[in-house]
Amino acid sequence: MLKIENLHATAGDKEILKGISLTVNSGEVHAIMGPNGSGKSTLAQIIAGHPGYVVTSGSVTYEGKDLLAMAAEERAQAGVFLAFQYPIEIPGVTNAYFFRSAYNEVRKANGMEELDPIEFLDFMDKKLKLVEMDEAMLHRSVNAGFSGGEKKRNEILQMAVLEPKLAILDETDSGLDIDALRVVAGGVNALRTRENATIVVTHYQRLLNYIVPDFVHVLAHGRIVKSGGKELAVELEARGYDWVMEAA
Amino acid sequence: MSSSTEAYEQAFGALRASGGTGWLPALRREAMDRFSALGFPTTRNEDWHFTSVTPIAEKVFKIAPTRTGPATLSPADITALVIGDPDWHRLVFVNGRFEASLSAFAGLPAEVRVTTLAEALKESPEFVAEHLGKLASGEGQTFTAFNTAFAQDGVVIHVPGGEVVEAPVHIVHIADSHAAGVGIHPRLLVVVEPLAQITIVESYACAGPMSGGYLTNAVAEIEIGNGARVDHYKIQRESTDAFHVGTTQVRQGRDSMYHSFSYAAGAAISRTNVYTQLAGENAEARLNGLYLIDGAQHADHQTFVEHLAPACASRELYKGILDGGSHGVFNGKVYVDPIAQKTDGKQTNHALLLSDHARIDTKPQLEIFADDVKCTHGATVGRLDEGALFYMKSRGLGAENARALLTYAFAAEVLETIEVDALREGLEALAFARFTQSELR
Amino acid sequence: MSSSIESLVNKEYQYGFVTDVESDTIAPGLTEDTVRLISSKKDEPEWLLEWRLKAFRRWQAMTEPHWSNLKYEPIDYQAQRYYSAPKSITPLQSLDQVDPELLRAYDKLGISLSEQKHLAGVAVDAIFDSVSVGTTMKAELSKYGVVFCSFTEAVHNHPELIKKYLGSVVPYSDNFFAALNSAVFSDGSFCYVPKGVRCPIELSTYFRINAANTGQFERTLIVADEGAYVSYLEGCTAPKRDTHQLHAAVVELVALDNATVKYSTVQNWYAGDKDGVGGIYNFVTKRGKAHTNSKISWTQVETGSAITWKYPSVILQGDNSTGEFYSVAVVNNMQQADTGTKMIHIGKNTKSTIISKGISAGKGQNSYRGRVKMLPKASGSRNYTQCDSMLIGNQCGAHTFPYIEVANNSSTTEHEASTSKIGEDQIFYCKQRGLSAEHAISLIVSGFCREVFKELPMEFALEAQQLLGITLEGSVG
């Protein structure tokens, strides 16, 4: 589904990714771990098409297409979803309106009929239950005045609405208490199918107790320095990152 | 030309009879012409819309007399008249004339120069010529031109690169009974080179009984180099029949910091201008002030922060407490140049009216030409919070007591920004005594 | 601002067409004779002509004000034409007599004047250049005793009301543009809602400038008698022309005891092209007088005009009266707006709310100018002001000039202002959810303006939102 080959990227004058290669197939869950500043979030943002980075070499292929040639919204319409580490506030725009606009854009791009507001509210009902959120949530402005936990849940709610093929969760667990973490992970697990794939970017192994990965990759200094199964995450939690970085 | 500016033209002629051809007589002449041409501002002038200077304009203030007899004040008298520590470097002026016997500023670092303007003109005329009247050119500013034409003396401070002056330099202006009908035009010139630091305290006070008002018309020019810092406190406690107009013009280099605090409790009419130009990247200005007026007093504060470079920050907090039939004015303007991206500006002005006859006019303005900026201003006018009053009463405080305490707390919030302990404690005690009629412990 | 939020291409102004009608247009120039001529064309009573002449003499002694933050070429008042009316319109005609060409023009603007097709629940007075084409739903309204007609008609049919209220809120001597309007106003709308009547439908006036080199000087007067309620909306468009056209209107609102007047404007005069050629110079005086327990509420969406000079205000004369001002002002390309409000608190326990949203794009300059004045006797009064600016691109400007004057100690005022930009981050977030940049911008902007849009009558809120989208179209790449 996703094939990253020897990806190099810079922000300003600084090279942040120094040759990343990664293949993700349908039905898989990949965890990307690593210390702060290793380039984890950059990788997530580049896949989503953030304008702040320049890809200097390498390629990213998504479902056979050159992902880097697509605009951010085209990627979203093609099923790439990024749950933001720091969700953005849009004052005055309600969640309901925002979600419906996004949902309809994605449907339109895929040749489907748009939903009217009433149909959409019905549709939302199920999605809200998934992340244990109240309907009142839909009438609040997008992320404005939300607590940290609410923002993260709101990201998963959007993921549930947009039903992406490739979901990237960027530090979705950071700042969550254990109950919120369970809800968020529960939502992600419920959305897993054989057709979609998930990349979980995290600093802590804790999340991986709830979202069990098939593969774990350790990113340091802009490179993947070690890959393994879910047991690698447990080892990292016990021993820290230093040994992997030294071994590399 | 009005009759008073004509009289000033004559006085100027008499004072500068020697004329001369150097830069200074030329500067003075130009200022005099500008002053005559501009005349005193009227309320039709947008910058003076809420402040009428007619009582100043219709008088002709005399040139300050030179003391003939022995000094009537002792250093201990000065300490009693001002707030601060007697151990600071102290320069004392009485009715605008420097009093060496009351001054003490010997312990400064060797490279740092603090002198009177008169001395500096003798010792290093080139330095004075290079800086005097440059920042405060008096263009469009009657009172600045007025000062440049008539300034008799003042203070020149030069802090070379990297020098840090630990103790504050305290410039004390006292008006005594000889000041009646006199115009005093103190001048302050400060040049602080890169990475240097200094704290300056200006105090304006009066001694003994006054018979008739006087005018203080002060101008300060402060140049702050890259990475340098200036803390500038101005404590205005003039006689309540005096007039005080003060203008501070600052220009800041990159990474520099200008911190200003203006306290205004004296004068029949006072006007305090604080203007700063954030001319280098990442410079910061913090402008704070407190005005406490009563009776028929009028206090006007005007600030102008020009963001002329990217990523600069400005923070303003002004508070006023108005009693009796007093009239307060706050006029704050923040300008953001097209190149000043990432500007972070915040201006706040709160006024408390203690009497039904007091009046406040405020005009917080934003002029923004860059798009990636965060600028806010907030202004409130009102009375004490009824909820807080009720809360305090429910805890057993009497109504009067609760009111007094809340009023003090309103003032204390801005006094807390004073970083010089002796000054903050002194002003806190003064405010506490004023509102609670008791001592702060 | 980064390159991705730039490159302005304006969508065509939709209402820029010219209607080909034969007009009775007077020669350019303004003298006492012009004033007499206009008055005679309208067959006016002597007292009104006298009032016009007093205004004209006053105007001659005044000079154009220049305290605003607007820069424009001097206006040659002698080069303007002060009256132009389609020949096919006869005074006081009924709607079924209207020239089909004019009806077609209004159809093109989305306003149907024929009784069968017009928008349910809205009565429309259609003003074309200097005259009213006709007013819909008059019969329906008369059942409730509501008078809604052109100003000219009101002068003939309700002279006692006009005599009583004309100039009672905005005297002819008020300011330069108000004096000019008082001398030469040609038509406008008049509305009177009797005691205790809640006007059952929205009233609206649609102003259309068509003739070239002609100014429009309309005058609107709305009187809500004790306990009455009325909601009124005005819309404005003009053809694209490469010369500036002058529009100097006066609107007076009177809310007697316990009455409510809600006045909404969607102003979309031609704004000129992207180089600032052409466009309407819009100098408007709008003011309401609120009596005891009454309420006057202004809502405006200002997207058009090359120059906007406009301060809809409320004199809070009566105790417990309320004044509101909700405004969205958008400038793009070379547009300049200097707009805001005055809330004059005279009565006790009076209350005012000001919400102003300014959006600047292109090389546009947007100024908020407001005055909140609490007089000594206005005890217990309150004001809340919020003015927010949003900038799109780095060649525009946002300016805030509030004046707050408080002369009693039992009143409170609160003023907040902020300036922000549409963040790259916000746009990326929306794009990541599948929205285009354009869609993202319109979403963010309408969120920014929501507090104002919700004050507009339902059917116009949607129109305003679309209009905003069009005005800003292409302002972000």
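We name chains A, B, ... by the order of the sequence lines, and we start the count at 1 in each one. If you're wondering where the values come from, they're calculated on a predicted model, not measured in any experiment.
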Show every side-chain hydrogen bond (donor to acceptor under 3.5 Å, both in side chains) that has at least one partner inside residues 50-65 of chain A, sequence neighbours left out. E63(A)-K165(A)
Quick one: what part of L82(A) sits under 4.5 Å from any heavy atom of chain C, side chain, backbone, both or neither? both
Separation between CD of Q77(A) and NZ of K431(C), rounded to the nearest 0.5 Å: 11.0 Å
Within residues 84-104 of chain A, which positions have a heavy-atom distance to chain C below 4.5 Å? F84(A), P87(A), I88(A), E89(A), I90(A), P91(A), G92(A), V93(A), T94(A), Y97(A), F98(A), S101(A), A102(A)
Output all residues satisfying ring-ring contact (aromatic ring centres under 6.0 Å, His included) with F448(C), sequence neighbours left out; order by chain, then residue number. none
With rounding to the nearest 0.5 angstrom, report the CZ to CE distance, R433(C) to M159(A). 10.5 Å
For the NZ atom on K295(C), are there more than 12 heavy atoms of other groups (residues, nucleotides or ligands in this structure) within a distance under 6.0 Å? no
Is C430(C) in contact with chain A via its backbone, its side chain, both, or neither, using a 4.5 Å heavy-atom distance? both
Is it the case that the side chain of E73(A) and the backbone of S436(C) share a donor-acceptor pair, with hydrogens and angles ignored and the cut-off at 3.5 Å? no
Which heavy-atom pair separates F428(C) from A48(A) by the least distance, and what is that distance? CE1-O, 3.8 Å
Can you check whether anything in residues 23-30 of chain A gets within less than 4.5 Å of chain C, heavy-atom wise, and list it by number? none
Would you say that more than 12 heavy atoms from the other residues, nucleotides or ligands in this model lie under 6.0 Å from the CZ of R192(A), or not? yes
Measure V161(A) against the heavy atoms of chain C and call it side chain, backbone, both or neither at under 4.5 Å. neither
Grab the two heavy atoms, one from G434(C) and one from A76(A), that are nearest each other, plus how far apart they are. N-CB, 3.3 Å
